[in-house]
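Note that this is a predicted model, so its numbers are computed, not measured. Every chain is numbered from 1, with letters handed out A, B, ... down the list of sequences.
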There are 2 protein chains.
Amino acid sequence: MALNEETYNEVKKIFTAYLENKSLRKTPERFAILEEIYTREGHFDVESLYISMKNKNYRVSRATVYNTLDLLVDCDLVSKHQFGKNMAQYEKCYGYRQHDHLICTDCHKVIEFCDPRIHNIQTMIGELLNFKVMHHSLNLYGVCADCQAKTQHEKDQKEKQLNADS
Amino acid sequence: MALNEETYNEVKKIFTAYLENKSLRKTPERFAILEEIYTREGHFDVESLYISMKNKNYRVSRATVYNTLDLLVDCDLVSKHQFGKNMAQYEKCYGYRQHDHLICTDCHKVIEFCDPRIHNIQTMIGELLNFKVMHHSLNLYGVCADCQAKTQHEKDQKEKQLNADS
DNA sequence: ATCCCTGCAAAGGGTTTGCAGACGC
DNA sequence: GCGTCTGCAAACCCTTTGCAGGGAT
């Protein structure tokens with residue numbers, strides 16, 4: 001929820017260097033978006049980021065949010081995901097361990113996990129097939145413990161009903 | 001390109017059983033779409049499938065294609081992928097080894113690969129985090145050998161030009 | 001002063017939905 | 001005959017684009 005000043009200073013430095021290197025302008029909007037992202041926890045979509053900034057009376061447009069997100073993804077300060085829906089999800093990623101996602105197909109909850117073996121697979125397959133692999137995305141889809149319990153509960157209720165009817 | 005009759009008969013049987021089990025109607029459109037999918041090779045998107053059927057003078061609507069694809073994905077005869085673009089890609093999957101994808105970020109070529117370790121990870125993480133994991137999607141993003149060569153070639157050309165200018 | 005970047009709104013493209021008619025059951 | 005499925009087209013939603021004004025360099 002609260003912005004970690006130290007982290008923000010580091011990512012700001014990285015973003016500044018990236019912009020200078022690419023001869024892009026260091027506009028206040030770009031840094032405001034970066035700050036808002038590093039103030040947030042977890043995953044977010046473009047609309048919720050836009051709404052958050054609007055709610056803080058910051059005058060931005062969706063176009064600028066999209067533009068800036070592209071830049072941030074390009075300089076590895078933000079990662080972009082497609083969890084099945086037609087809506088990109090983003091998350092800050094500076095200083096975070098590389099991780100993957102477990103997605104509940106019932107309630108759409110997203111849980112993160114790490115497994116070092118994936119990196120080995122990435123490296124090995126890249127060498128094998130002559131690809132210069134830059135990054136990967138592993139999503140596991142299933143039903144979380146809560147939804148499993150909920151489904152079981154509904155099933156039990158139905159059986160109870162059937163028994164009562166007969 | 002040509003339809004494998006034996007395979008088609010098997011998937012047709014599976015689809016029929018699925019429809020009966022769910023009390024859904026066995027319409028000719030649904031089987032025509034299944035047949036068209038099992039006649040195709042590799043990945044496809046909804047539009048190209050729709051166009052193919054139109055070209056064969058088969059009267060279908062996009063709505064029915066979408067509806068049927070959902071059913072086929074649900075009964076595991078077709079798998080759906082999101083390779084980054086905002087357009088779903090599908091592929092037949094009956095009788096195919098589970099596999100994952102290597103995607104070239106330059107030319108958008110998609111290559112398949114298999115690695116048994118992924119299945120182990122899927123099982124282990126599911127048990128660890130109490131998810132009933134049903135399936136997964138692993139995409140490796142990188143630059144293929146061709147595009148690496150092309151980029152290198154362009155770089156060489158530019159250097160030659162610079163040397164010629166000076 | 002230049003011209004890239006911004007905000008705004010309209011366009012774009014894939015997917016979903018509503019409705020009247022068709023047809024599987 | 002009932003109720004679902006279909007075709008068609010409009011609606012929807014996320015994202016991209018065009019344009020005129022503004023601000024970074």
Side-chain angles (χ1 to χ4, degrees), chain A residues 12 15-36 43-75 78 80-91 108, chain B residues 12 15-36 43-75 78 80-91 108:
Chain A
K12 191 172 175 179
F15 193 34
T16 304
Y18 170 82
L19 293 173
E20 283 172 357
N21 180 249
K22 295 247 174 179
S23 305
L24 297 170
R25 292 186 181 163
K26 297 186 276 290
T27 65
E29 289 82 4
R30 287 175 174 170
F31 288 100
I33 292 167
L34 177 63
E35 185 170 338
E36 177 61 31
H43 303 96
F44 60 89
D45 56 54
V46 174
E47 193 62 15
S48 66
L49 180 65
Y50 172 73
I51 297 294
S52 290
M53 299 193 74
K54 280 286 179 188
N55 285 344
K56 292 178 182 172
N57 289 316
Y58 198 95
R59 193 165 172 278
V60 264
S61 69
R62 263 176 266 265
T64 303
V65 173
Y66 277 103
N67 166 34
T68 304
L69 278 169
D70 283 348
L71 299 177
L72 292 171
V73 168
D74 192 46
C75 65
V78 169
K80 179 177 181 176
H81 310 288
Q82 300 269 171
F83 293 137
K85 311 268 136 268
N86 291 317
M87 180 184 47
Q89 300 255 91
Y90 296 84
E91 69 181 318
H108 301 106
Chain B
K12 191 172 175 179
F15 194 34
T16 303
Y18 170 82
L19 293 173
E20 283 172 0
N21 180 249
K22 294 245 175 183
S23 307
L24 296 170
R25 293 187 180 163
K26 298 186 276 289
T27 66
E29 288 82 3
R30 287 175 175 168
F31 288 99
I33 291 167
L34 178 63
E35 184 170 339
E36 177 60 31
H43 303 95
F44 60 89
D45 56 55
V46 175
E47 193 61 16
S48 67
L49 181 64
Y50 172 73
I51 297 294
S52 289
M53 299 194 72
K54 280 286 181 190
N55 285 344
K56 292 177 183 171
N57 289 316
Y58 199 94
R59 193 166 172 274
V60 265
S61 68
R62 262 176 267 265
T64 303
V65 173
Y66 278 103
N67 167 34
T68 305
L69 279 169
D70 283 348
L71 299 177
L72 292 172
V73 168
D74 192 44
C75 65
V78 169
K80 179 178 179 175
H81 310 286
Q82 301 269 173
F83 293 137
K85 310 270 134 266
N86 291 316
M87 181 183 47
Q89 300 257 90
Y90 296 84
E91 68 181 320
H108 301 107

Exercise. Which heavy-atom pair separates A:V60 from A:M53 by the least distance, and what is that distance?
Worked result: CG2-CB, 3.8 Å

Seminar exercise, completed: Expected list for residues 44-68 of chain B near DNA chain C, using heavy atoms below 4.0 Å, is B:V46, B:A63, B:Y66

Problem set entry | Counterpart residues, salt bridge (Lys or Arg N to Asp or Glu O under 4.0 Å), relative to A:R62 (two or more places apart) | A:E47

For this session: Using the side-chain hydrogen bond (donor to acceptor under 3.5 Å, both in side chains) rule, collect all pairs that involve residues 21-32 of chain A, keeping only residues at least two apart or in two chains.
Result: A:E20-A:K26

Exercise. Would a 4.5 Å heavy-atom cut-off, applied to side chains only, mark B:S48 and B:D45 as touching?
Worked result: yes

Exercise. Can you tell if the side chain of A:E36 reaches within under 4.5 Å of the side chain of A:Y58, non-hydrogen atoms only?
Worked result: no

Problem set entry | Close residues, residues 23-34 of chain A, relative to DNA chain D [heavy-atom separation under 4.0 Å] | A:R25, A:K26, A:P28

Problem set entry | Side chain proximity check, A:S52 to A:N55, heavy atoms < 4.5 angstrom | no

Seminar exercise, completed: Rounded to the nearest 0.5 angstrom, the CG-OG1 distance for B:L69 and B:T64 is 10.5 Å

Exercise. CD/A:Q89 to CD/A:Q82 distance, rounded to the nearest 0.5 angstrom?
Worked result: 9.0 Å

Problem set entry | Bending between helix ends of the helix from C:dA1-D:dT25 to C:dC25-D:dG1 [5 pairs per end, 10° resolution] | 30°

For this session: With rounding to the nearest 0.5 Å, note down the distance linking OH in B:Y50 to OH in B:Y66.
Result: 11.0 Å

Seminar exercise, completed: DNA chain C: first to last nucleotide in contact with chain A (atom under 4.0 angstrom from a heavy atom), 5' to 3', is C:dC3 to C:dT15

Seminar exercise, completed: note: B:D70, atom CG; D:dC5, atom C1'; distance rounded to Å ~ 14 Å

Problem set entry | Side chain to side chain, B:L72 and B:Y18, heavy atoms closer than 4.5 Å | no

Exercise. Which value, rounded to the nearest 0.5 Å, describes the distance between B:Y90 atom OH and B:H43 atom NE2?
Worked result: 13.0 Å

Problem set entry | Spacing between B:F15 atom CZ and D:dC5 atom P, to the nearest angstrom | 11 Å

For this session: Could you check if a side-chain atom of B:V65 sits within less than 4.5 angstrom of a side-chain atom of B:I33, using non-hydrogen atoms only?
Result: yes

